[in-house]
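Here the structure comes first, spelled out in structure tokens, and everything after it is commentary.
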Number of protein chains: 2
Amino acid sequence: MPVDDQDGTTPGSAWTSRALAELTARGYRAGEARTAVIELLGAEGGCLEADDVAARLRLQDKRAGTASVYRALALLSELGLLHKVALADGPARFELVLPDGEHHHHIVCDGCGQTVAFSDPSLERAVHAISDQTSFLIEAHDITLHGICEDCQAG
Amino acid sequence: MPVDDQDGTTPGSAWTSRALAELTARGYRAGEARTAVIELLGAEGGCLEADDVAARLRLQDKRAGTASVYRALALLSELGLLHKVALADGPARFELVLPDGEHHHHIVCDGCGQTVAFSDPSLERAVHAISDQTSFLIEAHDITLHGICEDCQAG
DNA sequence: GTTCCTGCAAAGGTTTTGCACCATA
DNA sequence: TATGGTGCAAAACCTTTGCAGGAAC
């Protein structure tokens with residue numbers, strides 16, 4: 001469920017416009033499948049697997065072939081509009097890249113596979129400090145915590 | 001290349017002994033493929049893909065079927081002797097779990113795929129602070145930085 | 001001798017690719 | 001109209017599973 005911001009719009013709807021603009025600005029066409037993927041991701045706020053995207057589009061009667069979904073996700077990642085996250089098991093997930101750099105990380109329950117998001121400024125500061133010390137030009141980072149959720153601890 | 005510690009032994013060779021002891025202590029048998037995988041990982045110090053393990057064993061004329069390699073890696077992970085790390089692209093890698101909890105994380109070059117390891121105490125502190133705040137029982141964490149290595153920046 | 005481990009081969013799931021057709025600009 | 005996007009189907013890739021034979025205890 002997308003979170004409303006102060007304007008009453010979602011961060012995702014701004015992302016949708018930006019993604020579509022970026023595409024055409026770079027000479028890519030707004031084909032049917034590609035546009036549908038962008039609109040869906042903006043509406044959902046990201047954190048979807050390729051298969052989720054395909055399935056939800058089917059529910060909306062916007063049919064998009066699996067291959068086109070993968071191609072759209074790959075292109076958007078390449079353009080820096082999405083960030084591909086590989087959790088330890090299962091397929092990759094795709095997160096919106098927002099212009100203010102705001103993002104989150106994940107805690108995965110190794111019992112039931114449930115994933116929750118979190119963000120933490122001091123963790124970000126620690127990552128940036130490392131970025132300054134390495135010869136790599138750091139552009140992104142993934143952080144995943146693994147553990148057991150409350151339900152699985154009880155059961 | 002494994003890093004020598006103060007005793008002149010490698011951390012990996014201690015790991016090999018511990019892994020073999022742990023296996024028998026828990027009632028598992030020291031079969032040929034399983035033993036070969038453990039010895040290889042200890043000697044190499046971890047950070048290998050399943051396929052690397054199979055290939056290097058073949059080079060040593062210790063043939064181990066792919067399935068047995070995967071089964072050994074899965075068992076060792078389950079016993080807490082290995083940690084499975086999923087980088088964004090490509091197959092999972094397996095890291096030794098050392099008894100003192102010492103471990104490292106990775107920086108991946110998105111240009112050439114090169115991976116280097118790093119460790120950082122303040123990053124670890126930040127992760128532990130989060131662990132204390134969540135209802136999850138945190139048992140492990142993966143951190144991967146993505147960027148462009150010096151070579152790819154130049155080229 | 002019994003149980004577990006192993007290897008092969010086949011299946012499983014995710015992602016990529018080839019190609020003919022169609023839509024966008 | 002020319003180029004590039006799309007969909008289908010097939011392939012590629014990593015990983016898991018079934019099963020018969022062999023090794024460990």
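Just so it is clear, the values below take in all heavy atoms, side chains as well, and ignore hydrogens, waters and symmetry mates. Lettering of chains follows the sequences in order, A, B, ..., and the numbering in each one begins at 1.
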What's the [atom1]-[atom2] distance between [X] and [N], to the nearest Å?
| X | N | atom1 | atom2 | answer |
| --- | --- | --- | --- | --- |
| A/D51 | C/dG12 | CG | P | 17 Å |
| B/E32 | C/dG7 | CD | P | 7 Å |
| A/R63 | C/dA23 | CZ | C1' | 12 Å |
| B/K62 | C/dG7 | NZ | P | 13 Å |
| A/L73 | C/dT16 | CG | C1' | 13 Å |
| A/L75 | C/dT16 | CG | P | 13 Å |
| A/Y70 | C/dT17 | OH | P | 13 Å |
| B/Y28 | C/dC5 | OH | C1' | 12 Å |

The residue, B/G31 or A/T35, whose nearest nucleotide of DNA chain D is more 5′ is A/T35

Cluster overlap A/L57 with A/L20, hydrophobic side-chain contacts below 4.5 Å: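 Yes.
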
Taking A/L87 as the starting point, is it possible to reach A/V116 by hopping between hydrophobic residues whose side chains are less than 4.5 Å apart? no

Quiz item: B/R29 side-chain donor-acceptor pair to C/dT3 base, under 3.5 Å: yes

Can you establish whether the number of heavy atoms outside A/Q153 located under 6.0 Å from its atom CD is more than 12? yes

A/E124 CD: over 12 foreign heavy atoms closer than 6.0 Å: yes

If you look at every strand shown and take non-hydrogen atoms under 4.0 Å, does [X] touch a base, only sugar-phosphate, or nothing?
| X | result |
| --- | --- |
| B/E49 | nothing |
| A/R71 | base |
| B/A30 | sugar-phosphate |
| B/A64 | sugar-phosphate |
| B/A67 | base |

For B/S68 and C/dC5, is the shortest distance between a side-chain N/O and OP1 or OP2 below 4.0 Å?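 No.
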
More 5' along DNA chain C: B/D89 or B/G65, using each one's nearest nucleotide? B/G65

Closest of C/dC5, C/dG18, C/dA25 to the B/R34 side chain is C/dC5

Nucleotide range of DNA chain D lying under 4.0 Å from chain B heavy atoms: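 Range of nucleotides touched by chain B: D/dC14 to D/dC25.
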
A/H105 and A/F118 aromatic ring geometry - parallel, tilted or perpendicular at 30°/60° bounds: tilted

Counting C-beta onward and ignoring hydrogens, is there a side-chain heavy-atom pair between B/Q60 and B/E39 closer than 4.5 Å?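 They are not in side-chain contact.
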
Kindly indicate, with the supporting measurements, whether the criterion salt bridge (Lys or Arg N to Asp or Glu O under 4.0 Å) is fulfilled by B/E22 and B/R18. CA-CA 6 Å; B/E22 190 75 9; B/R18 189 165 60 94; 5.9 Å; no

Quick one, A/E150 with A/Q114, criterion side chain to side chain contact (heavy atoms under 4.5 Å, CB included). Give me CA distance, side-chain angles, the key distance, then yes/no. CA-CA 11 Å; A/E150 244 173 333; A/Q114 171 192 179; over 6 Å; no

